[in-house]
Every structure is written in structure tokens, then in C-alpha cells.
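Have a look at the structure below before the remarks.
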Protein chains: 4
Amino acid sequence: MVKNVPTSIKDQFLIEKRRNQMVKGAVTLFKAKGFHRTTTREIAEASGFSIGTLYEYIRKKEDVLFLVCDYIYERVKERMGQVLDMEKKSVDCLSDAVRSYFRLMDEMQDEVLVMYQEVKALSRDAQEYVLQKERDMVHMLEVVIGNSLPYSIAEKDLKLVANNIFVHGQMWGFRRWLMQKEFTIEEYTDKQIDLLFQSLNLPERSS
Amino acid sequence: MVKNVPTSIKDQFLIEKRRNQMVKGAVTLFKAKGFHRTTTREIAEASGFSIGTLYEYIRKKEDVLFLVCDYIYERVKERMGQVLDMEKKSVDCLSDAVRSYFRLMDEMQDEVLVMYQEVKALSRDAQEYVLQKERDMVHMLEVVIGNSLPYSIAEKDLKLVANNIFVHGQMWGFRRWLMQKEFTIEEYTDKQIDLLFQSLNLPERSS
Amino acid sequence: MVKNVPTSIKDQFLIEKRRNQMVKGAVTLFKAKGFHRTTTREIAEASGFSIGTLYEYIRKKEDVLFLVCDYIYERVKERMGQVLDMEKKSVDCLSDAVRSYFRLMDEMQDEVLVMYQEVKALSRDAQEYVLQKERDMVHMLEVVIGNSLPYSIAEKDLKLVANNIFVHGQMWGFRRWLMQKEFTIEEYTDKQIDLLFQSLNLPERSS
Amino acid sequence: MVKNVPTSIKDQFLIEKRRNQMVKGAVTLFKAKGFHRTTTREIAEASGFSIGTLYEYIRKKEDVLFLVCDYIYERVKERMGQVLDMEKKSVDCLSDAVRSYFRLMDEMQDEVLVMYQEVKALSRDAQEYVLQKERDMVHMLEVVIGNSLPYSIAEKDLKLVANNIFVHGQMWGFRRWLMQKEFTIEEYTDKQIDLLFQSLNLPERSS
DNA sequence: AATGAATGAGGTTTCATTCAT
DNA sequence: AATGAATGAAACCTCATTCAT
């Protein structure tokens, strides 16, 4: 399930460290100029090492983008996992999960925006990999919703609701110019949860 | 409000014709390879004329992308206008509008996908122009919703709901690999309208 | 049997002209620095046009080398053809052919040297193509020898003798530092023909 | 006359050992991909040590090629010396020498091919050195021929015949695709010796 | 109006070599 | 002696744009 980017470096710890530098530098650049307008030299510079060193840790420019995408999904999965681990299966759990997810999407706005706009620059393979990660995440939401509902719900409806929540979270980032002029992240979260609960016939949150 | 792409050609009719050829050819290419990976030569070829001729009708490659975006929004606005023109202000009007909008998003999937993935390649100016068009469209939805509701609703809630609907429509296209394996466009539309109506406390649709 | 190098130029006459410029420029450079040490920019400059233009007439640097090889073989085949066309089938015909071939190898020394040292830089495909041309040329020599001999000779012996002659011709060029200090091309030719005739038990040439 | 490649290692025995590893690995690689397409990293790996270590035993990549060429000539000279040492000066001696030389060329095919195709990648200095070795070897053949002939022969003719033999030997390797489909090494040797003897007016070999 | 040959800036990637450990 | 991470010059190639015909 893990797709490793080849490297000629042997020190695993160094790989980790350098690639983190890369992701950090690259996200800033991609956000500002997009993947295609960013040169590999700029990425190297922003990462704090030479172009030669950059290519010791990746094979192709595309690998940087893949690393960025991977980084995002790893973070999301980690966070979602924390919420899911909580064993209490109640309605509160759902609002907590959504709130948690939205907060993460707010924190990782830049990364999400970048990923949203640039995935299609990845190879078919990498796109498929990223898509699977997305499916996994939506599935996590499905589980939370399923656990939280006091009644049973059709599989398909579950899927749709989960997808809606998922997209609403990303939308906060990728439609920032439209949403963030109107709402704070708290307002946005509250209102979306209200709408969600209403559409699911759940009791008003006490908040 | 209209942003014209300069050209050295005098014959207005010819401009229209050639640019339609361009948009058609370009969308196919952009969908397949993305804006950056598509060359101007390919666009010219797909449009049925030479690279020299292409540059008689645009100034820069970016102009082609702009023309594509413009084309999409023109179509959406036109269609939404038709729905809005209907004077009856009832709940049915809302479901009709959403249904209509979703159907259009289904028809123009490719164009929407392209636009979604490539806007950031436009210049600030053009992006601002496109963003405004999007605001206009969301506003149209706000009007429809406002007109349809039997009760009054806060401005902010209206905006959020309109944005949700807008994104749900696009989501059908840009998350096609996830949605279209699960639903037909009719199912998707019905279910989303159901959820929408429930979240708005509107009576179940009869259909 | 012809392996065309793709180009984006449509004017056939122009292709011919530009490629001749290329071959001329490239041979000089390859002779001086070898294929790998010669840069595409140098080739473009030596050809009298820009790097961009160079790449309108070829796809890869390797194509230049292929064009050079092709040029040589075309020339040799043409010249050998002239000799072979002469219908008189006598011993003189053989010495004429060898003399003719050696003279050509002398004229095209640089090209032959280049080809000798650089064929292995070609792709498998191109190498196969070039090898076939070489087989063709050796076969032409076989025919001349066969026609000239007053007695019959085993197929294998014919092949060996033809190969020897062929290599002796090239050797004049690719071992120039050793041969050309010792002999003039006339001396070299005369002496090789003497040895050849003796080994074939043919009467001493009158010359 | 010996041209030493500088190194920072003191232990002479180690130098010898490591360089043998290098030559062995390098020949395989050069044969497969040519000198220029082979990277120093590959050479190091094929030699069984790290890139850092490689550079402890050579100064520049070219040194590896030089070492390979040197190795070949050392072997040839050694073998030819053995044959020459035999004091009997007869016609048999000539056919033995040729046979011996051809056998060596067969054994060292790969090395000879590599050297043939890559000498021009050496510096002027190294090329001059290698050329001198070649002159030495041709001269050894001249001596053998001179000793074997029952009549006197002009210096120039001697030189030419020696050169022909020399090239015929290498030709077995560098024209392998053409020769080795047609002949076994024994056939090839026999036939070439036949032709040689005939051209020198020597009696048919008994064998 | 239409064509397509020409241009060259600039992008990605490779790889010989160094040097601190 | 051995290692391998770091470097950056330099190579190949692409492609948006121009302009003479």
C-alpha cells in the first residue's frame, strides 16, 4: 500500500529529514506559483540544499508533488484515527469528528489547496494511489457516521453524506476566497454541523 | 464586466467561429493532459488551423484557457437564467433549479473539471474575473433558495446553503471517479435534494 | 529499408538542405571531439542555425549521428554502384573497383573515422540498419570479385576476401596515424591490390 | 614508457588488487553501454567498492579507460612475446604466431571491442601511449614475418603485411556480427593464413 | 487571413568529483 | 583506507511566440 519514492541515499533518518524540508519548501512555492510554474531549482533552494542534493532524494520533479500529497494524507489519517479511536459511539462523536476534521482542513489549508489543484499533474499510478487514500478517508467518515446514528441508514446514503462532509471540509480551503470572507472557521463548522444534523434528523447540538 | 481577448482579425463572425473551434479542441486536450502539458501547436491542430492562425486570434496561450473558462460560465449563467426566469416562487422551483443545475454540470463535466483544475494558471486579473462569475452564479442560487423558502432565513445561512449546492454540483464532475461509480446522475440528484430539503426543513418532495 | 528521421518541417527541399548543413557541421565536430563531447548547441552553431531550428529537423541528438552514418553509406553505395554498372567482367574490373573504393575511403576519411568510432552510440535499431548497409556493401564487393575471377571460388572464401578488402579500405582511414605516415594512397592501393591478386592467384597487373 | 595513474594509496599490493577489480567490472560495463554511458558510480559498484574508494585509486574517470587499454596491450604483448621467444625461424613459426595471436583476439574479444570503440575518449597523451603500444605490437609481427620468409622483402611490404594481419585479428572481434555468423575461429584462422601464405608465395601449409 | 519556419530562453536532469566523517 | 552525502556545471530538449511570405 505504500509507494516509496526511490532515492540513492542510504541513511533512512537523513531521507526523512531532507524530505520534510522539501515538502515544507515545496508547498510554499506550489501555493504561490503552482506546480508547473515552480522550477526544481527553486524547490532545492527553498529546501535549503543544492539542486544536485535534491535529486539525490527524488527521481523526478513529480516525486516532490507526490511527497506533498502523501504528507497531507498521512496527517489527515493520523488525526482522523485519533478521533475514531475514541470508543464512545454517540452523536457527540460525530460532531467531534467533523469538528476535528474541519480544524485540520483549516490548519492544512495551503497543502489541501495545492493538492486539489495539482493532483492531475501526477502520473496515473500516483493518482490512483492518492485516490485510494481519499477513499480510505471517506470510509473513516462513513464509519463514524454509522456508529453515531441512532437508527440504521442505507449504505448509499451513508456514502453520500460522508462525501458531502469530506468535500465541505476541503471547500473551506479551496474556496477560501469565497468562504473565509463570510465566516470564521468556528462559524463555518457550527453551521455545517447544524445543517448536517438537520439533514440526518439528529437532535440539535447543545454546543 | 466583459474581458475581451485582443485579436488582429477584423471579421467578428470569423472570430466567433475560430474561437469556438479553439475552445472545443482545447477542452479535449486540457482534459486529457492538463493546460501546461498541452502545447499551442496541439491546440492549433485540434482546432483545425495552423499555429500562425492561432496567434491571430489570441495573444498568449493563457488566453485559450480564459476563453474556455468564459465559455463554461456563459453556459451555466444562460441555463440558470432560464430556470430563474420562471416566475413561480415555490418549493418546486428550488428542486427544479437544483435539478437543472446538476444536469448541466453532468453535461459539462469535462469543461468543469478542466476549469477546476486549471484556473490557477490564469493571471490574477483573469482569476478575479472568473471568481466574480462564480460569485454571480452562487448568488443566483441564493435568490432561488430565498424565493422558495416559506420562511425567512439569515443571510449567512443562505450563502452557506447556496455554496453547498454549488459545490455539490461541481463535485459530481470533479470527484467523478468516486461518485459516478456509486450513483447515476438521477440518483445523485434525488438524494442530494432530499438531504437539502431535510436540512432546510422543507416537505418531502412528491416526485 | 529507409529509416526516416522524423521532423516537424513540411518543406521536403528545406529538410534536405538543412540536414546537409547539419551533417557537414557535425562531421567536423565529431572528428575533433567525438560524438559525446560535442554538444547539440555546437552542432546547431556549426550548421549555421539556432538550437531551436536544429530540433525542428531532428528529434534527438542521436539522429544527427544517424544522419551522418546514412550519408556515408549513401555515398559509398552510389560510387560502388557506378563501378559495378560497368558491364565488362574482367580482372581489370576488380582492380578498378578496389581502386575506386579505396579512393572514396580516402576522400571520406573523416566521415568513415567518425562512423567507425561512434556507431555504438546509436540505438539498437539504428545500429541494425547501419549493419545492413554494411552487409550490402560487402555484398557488392563479393559480386565484383565473383565476376572478375576466371575460376570458381567457394562462397565462404569469397565472403572472406570481400570482407578483407572492405576493412583494408576503412583501415586507411581509421589507422591513418600508422598507415599514412608510411604510404601515399596510391602506394597503399597498389600494394594492397598486388597482395590481393597474389592471394587470388591472378596475373600481375600491368600498370 | 610506463604511464602510471596516480593514487593516494600506499599499499602497492592493494592498488594492484583494486585496479584488477576495476578493469574487470569496467570492461563488462563498457562493452554493454560504452564508456560515456557508463557512470563512475556503476564502475564502483561493479568493482565491489564505493564511489569514494574508486577515487582513491584513480584521479579521473578517463583513468579507468586507460587502465583497461593498458591491460589489453599488456596481455597481447605477453602472449606475442611467448611465441616470439621460440627461436626456430621457419615458416611454421609465422603460422604459429598468427594462430596464437588470432586465438588471443578471440579470447579477449570484449576487451578489444571496447578499446577499439573508446580510445578516442582518452586524452591526447594517453592516446599517444596506446598508439605506441600498437606500433610495438605490429613491429613484433614484422619481426616474425621477416624471420619466417625464405626470401628478402621490402621494408614497406613487410609493414603492410604486418598491419593487415594485425587488423585481421581485431576484425574478428570488432566485426563479430558479420564474421562470427559465417566462420568458426578455426575456419577463420585457417582461411586467413591460407590467403596470407598465398599472397606471400609461401608453400601451402600441411596441417 | 493564413501559414509554418525560425528562434532562444529556460526547464529538468545527470554525473564527475570532493571532502568530512 | 573506506564511505557516501553533497555539489553545481553543463547537457539535452521543449515550446511559446514572432514574422516573412
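Sequence lines set the chain letters: A, B, ... in the order given, protein chains first and strands last, and positions in each chain run from 1.
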**OP:** Specify whether C/Phe66 and C/Tyr129 have parallel, tilted or perpendicular ring planes, treating 30° as the upper limit for parallel and 60° as the lower limit for perpendicular.
**Re:** tilted

**OP:** Only counting residues at least two apart or in another chain, list the ones meeting side-chain hydrogen bond (donor to acceptor under 3.5 Å, both in side chains) with A/Lys31.
**Re:** A/Asp110

**OP:** Would you tell me if any nitrogen or oxygen in the side chain of C/Tyr57 comes within less than 4.0 Å of OP1 or OP2 on E/dA6?
**Re:** yes

Subject >> Sugar-phosphate or base contact per nucleotide [nucleotides 9-19 of chain F; S, B, -; heavy atom under 4.0 Å] >> reply: BBSBBBSBBB-

Original post:
With a 4.0 Å cut-off on heavy atoms, is D/Ser8 in touch with a base, just the backbone sugar-phosphate, or nothing at all?
Top reply: nothing

Subject >> Sub-4.0 Å heavy-atom contacts from residues 10-23 of chain D onto DNA chain F, ordered by number >> reply: D/Lys10, D/Asp11, D/Leu14, D/Arg18

Original post:
With no hydrogens and no angle check, do the side chains of A/Gln21 and A/Arg18 hold a donor and an acceptor under 3.5 Å apart?
Top reply: yes

Original post:
Can you list the residues that meet the ring-ring contact (aromatic ring centres under 6.0 Å, His included) rule with A/Tyr57, with sequence neighbours excluded?
Top reply: none

Subject >> Check: B/Glu62 side chain, B/Ser123 main-chain N or O, donor-acceptor pair, under 3.5 Å >> reply: yes

Subject >> Rounded distance in Å - CG (D/Leu54) to P (F/dT3) >> reply: 11 Å

**OP:** Please work out which residues in residues 114-127 of chain C have a non-hydrogen atom less than 4.0 Å from an atom of DNA chain F and list them by number.
**Re:** none

Subject >> Pair A/Glu111 + A/Arg75: basic N to acidic O under 4.0 Å >> reply: no

**OP:** Taking side-chain hydrogen bond (donor to acceptor under 3.5 Å, both in side chains) as the test, write out the residues that go with B/Glu128, two or more places apart.
**Re:** none

Subject >> salt bridge (charged side-chain N to carboxylate O under 4.0 Å, His left out): pairs with one or both residues in residues 45-54 of chain A, sequence neighbours excluded >> reply: none

**OP:** Only pairs at least two apart or in different chains count here, so list each side chain to side chain donor-acceptor pair (under 3.5 Å) that has a residue in residues 7-16 of chain C.
**Re:** C/Ser8-C/Glu56

Subject >> Those residues that, when tested against D/Arg37, pass salt bridge (charged side-chain N to carboxylate O under 4.0 Å, His left out) (two or more places apart) >> reply: none

**OP:** Applying ring-ring contact (aromatic ring centres under 6.0 Å, His included), name anything that partners C/Tyr116, two or more places apart in sequence or on another chain.
**Re:** C/Phe174, D/Phe174

Original post:
For the pair made of CD in A/Glu42 and C1' in E/dG10, what is the distance, rounded to whole Å?
Top reply: 11 Å

Original post:
How does DNA chain F look in dot-bracket notation if pairs are Watson-Crick or G-U with both distances under 3.5 Å, crossing ones as [ ], other-strand ones as |?
Top reply: .||||||||||||||||||||

Original post:
What pairs with B/Lys17 under salt bridge (charged side-chain N to carboxylate O under 4.0 Å, His left out), at least two apart in sequence or on another chain?
Top reply: none

Original post:
Rounding to a whole Å, what distance do you find between B/Glu45:CD and E/dA2:P?
Top reply: 17 Å

**OP:** Give a yes or no on this: more than 12 heavy atoms of other residues, nucleotides or ligands lie within 6.0 Å of atom NZ of A/Lys24.
**Re:** no

**OP:** For A/Ser50 and for D/Ile9, locate the closest nucleotide of DNA chain F by heavy-atom distance; then report the residue assigned to the nucleotide nearer the 5' terminus.
**Re:** D/Ile9

